[in-house]
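Data first, discussion second: the structure below is written as structure tokens.
In what follows, every chain begins at residue 1, and chains take the letters A, B, ... in the order their sequences are listed.
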There are 2 protein chains.
Amino acid sequence: MATIKDIARLANVNIATVSRAFNRKEMVAPEAYNRIMKIAKELGYNPNPLAQGLKGKKMKMVGVLVPEIDHSIFAGIIKGIGNTARRKGYSVIVCNTGDDPEEEKRFVEKLTNKIVDGIICSAALPDSPYWEDLSNSGIPLVLAVRQGTKKVDSVAADYIRTCYDATSILLSRGCKSVYFINGPLTVKPYAQRNVGFVKAMREKGFSDAELRAFNLKDSTYSYSLECIESLIAQGKAFDGLVIASDAQTMAALRCLKQHGLRVPEDVKIIDCGGHGIVGMLETAVSVVEVPGEKIGEASMERVIELIESKDKLDPKTILVESELILREST
Amino acid sequence: MATIKDIARLANVNIATVSRAFNRKEMVAPEAYNRIMKIAKELGYNPNPLAQGLKGKKMKMVGVLVPEIDHSIFAGIIKGIGNTARRKGYSVIVCNTGDDPEEEKRFVEKLTNKIVDGIICSAALPDSPYWEDLSNSGIPLVLAVRQGTKKVDSVAADYIRTCYDATSILLSRGCKSVYFINGPLTVKPYAQRNVGFVKAMREKGFSDAELRAFNLKDSTYSYSLECIESLIAQGKAFDGLVIASDAQTMAALRCLKQHGLRVPEDVKIIDCGGHGIVGMLETAVSVVEVPGEKIGEASMERVIELIESKDKLDPKTILVESELILREST
DNA sequence: ATGAAAGCGCTAACAA
DNA sequence: TTGTTAGCGCTTTCAT
């Protein structure tokens, strides 16, 4: 690995001049500059980021925390983050926290040590105690998808709207008995979807007693399958299903098929907050699609903005638009 | 951020003693040790990895290159990598190369600069020129899923076997006309699947002229849909489909349904090289499942082994077993 | 426009 | 056992 020292020697200049050539080329004589650059290229020189970082320079690196990297929404977000990272010359360090707050904390501590300039977090909990510490400590933090109640920068989808729209579609299609299959309310995006569902139903004149929201304790395929199964077994009659996630949508489709219920003739289905895949199923499912990739891109743009800004910016929340895609399930 | 200097001052010892307390505690007096550690804890001290790295210490960081982070196989691999990374105290830097060799090269150059101790790569091309350079340069490289022809460490699924098994299942179920829907042969795992398909067919006495392998130029859902569609439109008669990937499986299912073909009565289907999701579809699909997460774990274990080993280890290829899961599509 | 030199936080060889 | 010191590669003030 060549260093500025090598270049300096070969170019007959001081190491400071070499450093200047890379950082403030206007301060070095053109001839010297060219000589230095030529030699640098020949040697395949690249500045050592460790040394630069030690000297206080930004490392152009941001840490990313996700609960489960293989859930489509997070994979999409990471992809988006990577897109703008590349565009802006940043690197990305990823950690899969497995939704474990302890792990999350350990990771943040590890990263905080100067090695990242900023952090993007899809947190385990609605609010984590270290968020504020972090943004006070000078290293910017932005929350992706999961907003905090505290004053922290965040990029989110408008899940209330998303689910409100989805529910409205079903109602406008003539559904009389719409059930809502949701995830745990402790997770903010699910809680928000619930709000949207309730809002849409009330507006159409349904009383609270008529609301059928099933906020399952987890949103996995297998557990959802079980629950929907038991719903049908109990003879509940529904002609519309608003569903919170892709896995749950697949579970519903499967259940329905096994019980000979046709989509959309017997039951209409819409996914509120899906990510692409449900359009590829045997029966193409309508969806209010949450643009993970866009969320990732926006999050990254925001951290970079925070990192590179001279003065502290006021925290803000960026809302990313969802897209309604109507397919054969409605 | 506290440094060893601060601790040294407060503990009335030299900075070297503090450093020793952290790195070779046996060389420092117990009383001093305790004093130092107590103060370190109070100050929330953490060693600055940049300084350590600059001094030549390993950064405990590995770079990961994937072509598309949101394809299930790669998401799984990254998850596996993260699993063992956490267990061993390593960090992971991820880059989505978008299957662009140029991008890949840039990224490797960037990483090579001392900041990572090793690289795991799911490469764009069957062979990249820098692979050998890299392993010669002293920073270990392991290939995940895509093996090279050159002598490089790699972790791979046995795709030949995988597809051989899948094809054999269909044949043993009495299929007379089995078609193979595959991806581009320029991508090694697809080429290997092709070998497995051909092998199984030949063993059952099919002549080369009877082999129906469709090695599509890309394996996306939409393109595959188009191709399978045209196959059916041309009136090709098949009663079995061996399919190389999840997206293609979904495409096939959809096509078949639209043409009133029933699975498995009219056509039997098996996915050779899927990753979980096809078991959750309306018609649960049999699959020879490639364990992405395990591949990730094994890759990471191998790089760490290479990183931490004193002497150069001989490159080896680790084969990860696939699992056959029979469901209703066969 | 360029050089000399200090120092970022840490480790390790050498001295005491 | 502990302290002194050099130096990793780089940036940046202060001289020249």
Side-chain angles (χ1 to χ4, degrees), chain A residues 1-37 39-40 43-61 109-117 137-139, chain B residues 1-37 39-40 43-61 109-117 137-139:
Chain A
M1 273 291 99
T3 72
I4 40 172
K5 238 174 175 169
D6 302 315
I7 301 179
R9 192 161 23 77
L10 291 169
N12 269 312
V13 291
N14 188 276
I15 56 164
T17 309
V18 178
S19 177
R20 283 188 202 108
F22 282 94
N23 300 299
R24 311 140 81 100
K25 79 170 267 189
E26 69 280 1
M27 296 187 70
V28 40
E31 23 169 10
Y33 177 84
N34 291 328
R35 198 154 21 105
I36 289 169
M37 283 316 188
I39 295 174
L43 264 48
Y45 168 79
N46 276 96
N48 181 330
L50 263 36
Q52 295 184 139
L54 193 55
K55 253 322 221 184
K57 239 192 172 182
K58 302 283 185 200
M59 291 284 283
K60 302 204 98 184
M61 188 132 102
E109 269 166 16
K110 194 172 169 191
L111 288 188
T112 303
N113 274 34
K114 275 284 177 225
I115 120 150
V116 300
D117 308 317
S137 87
I139 122 148
Chain B
M1 272 288 101
T3 72
I4 40 173
K5 237 172 174 171
D6 302 316
I7 301 179
R9 191 164 23 80
L10 291 168
N12 268 315
V13 292
N14 188 277
I15 57 163
T17 309
V18 178
S19 176
R20 283 188 201 105
F22 281 95
N23 299 299
R24 312 139 81 99
K25 77 170 271 188
E26 69 281 1
M27 294 187 73
V28 40
E31 23 169 8
Y33 177 83
N34 291 328
R35 197 154 23 104
I36 290 169
M37 284 315 190
I39 295 174
L43 264 47
Y45 169 78
N46 276 96
N48 181 329
L50 262 36
Q52 295 184 138
L54 193 55
K55 254 320 222 186
K57 239 193 172 183
K58 302 282 186 201
M59 291 284 284
K60 302 203 100 186
M61 187 131 102
E109 269 165 17
K110 194 171 167 191
L111 288 188
T112 303
N113 274 35
K114 275 286 178 225
I115 121 149
V116 301
D117 308 316
S137 86
I139 124 148

Separation of dT1(D) atom P from Ile36(B) atom CD1, nearest Å, is 13 Å

With the side chain counted from C-beta on, respond yes when Asn34(B) and Met37(B) share a heavy-atom pair under 4.5 Å apart, and no when they do not. no

Taking OP1 and OP2 of dC10(C), is either one under 4.0 Å from a side-chain nitrogen or oxygen of Ser19(B)? no

Sub-3.5 Å donor-acceptor pair from the side chain of Asp117(A) to the main-chain atoms of Met59(A), do we have one? yes

Measure CZ/Arg24(B) against P/dC10(C) and give the value in whole Å, please. 17 Å

Looking at Phe22(B) versus Tyr33(B), is the centre-to-centre ring distance below 6.0 Å? no

Taking for each residue the nucleotide of DNA chain D with the nearest heavy atom, is it Glu26(B) or Val18(A) whose nucleotide lies nearer the 5' end? Glu26(B)

What is the distance from CG of Asn48(B) to P of dG9(D), rounded to the nearest Å? 17 Å

Atom-pair distance (CD1 on Ile4(A); P on dA5(C)), nearest Å: 16 Å

Roughly how many Å is it from CD1 in Ile7(A) to P in dG9(D), rounded to a whole number? 12 Å

Roughly how far, to the nearest 0.5 Å, is CG of Asn48(B) from NZ of Lys55(B)? 14.0 Å

Please give me the minimum heavy-atom distance between Ala11(B) and Ile36(B), naming the atom from each residue. CB-CG1, 4.2 Å

For Met59(A) and dC10(D), what is the distance between atoms CE and C1' respectively, to the nearest whole Å? 12 Å

Output yes when a side-chain donor or acceptor of Asn23(A) lies under 3.5 Å from a complementary backbone atom of Arg20(A), and no otherwise. no

Let me know the distance between CG of Leu50(A) and P of dG7(C), rounded to the nearest Å. 22 Å

Separation of Leu43(B) atom CG from dG9(C) atom P, in whole Å? 13 Å

With heavy atoms under 4.0 Å as the rule, sort Phe22(A) into base, sugar-phosphate or nothing. nothing

Any chance you could measure Gln52(A), atom CD, to Leu54(B), atom CG, to the nearest 0.5 Å? 11.0 Å

Using only side-chain N and O atoms of Gln52(B), determine if any of them is under 4.0 Å from OP1 or OP2 of dT11(C). yes

Checking all strands, does Tyr33(A) fall into the base, sugar-phosphate, or nothing category for heavy-atom contacts under 4.0 angstrom? nothing

Between protein and nucleotides 3-8 of chain D, map the contacts as a letter string: B base, S sugar-phosphate only, - none, heavy atoms under 4.0 Å, written 5' to 3'. BB--BB

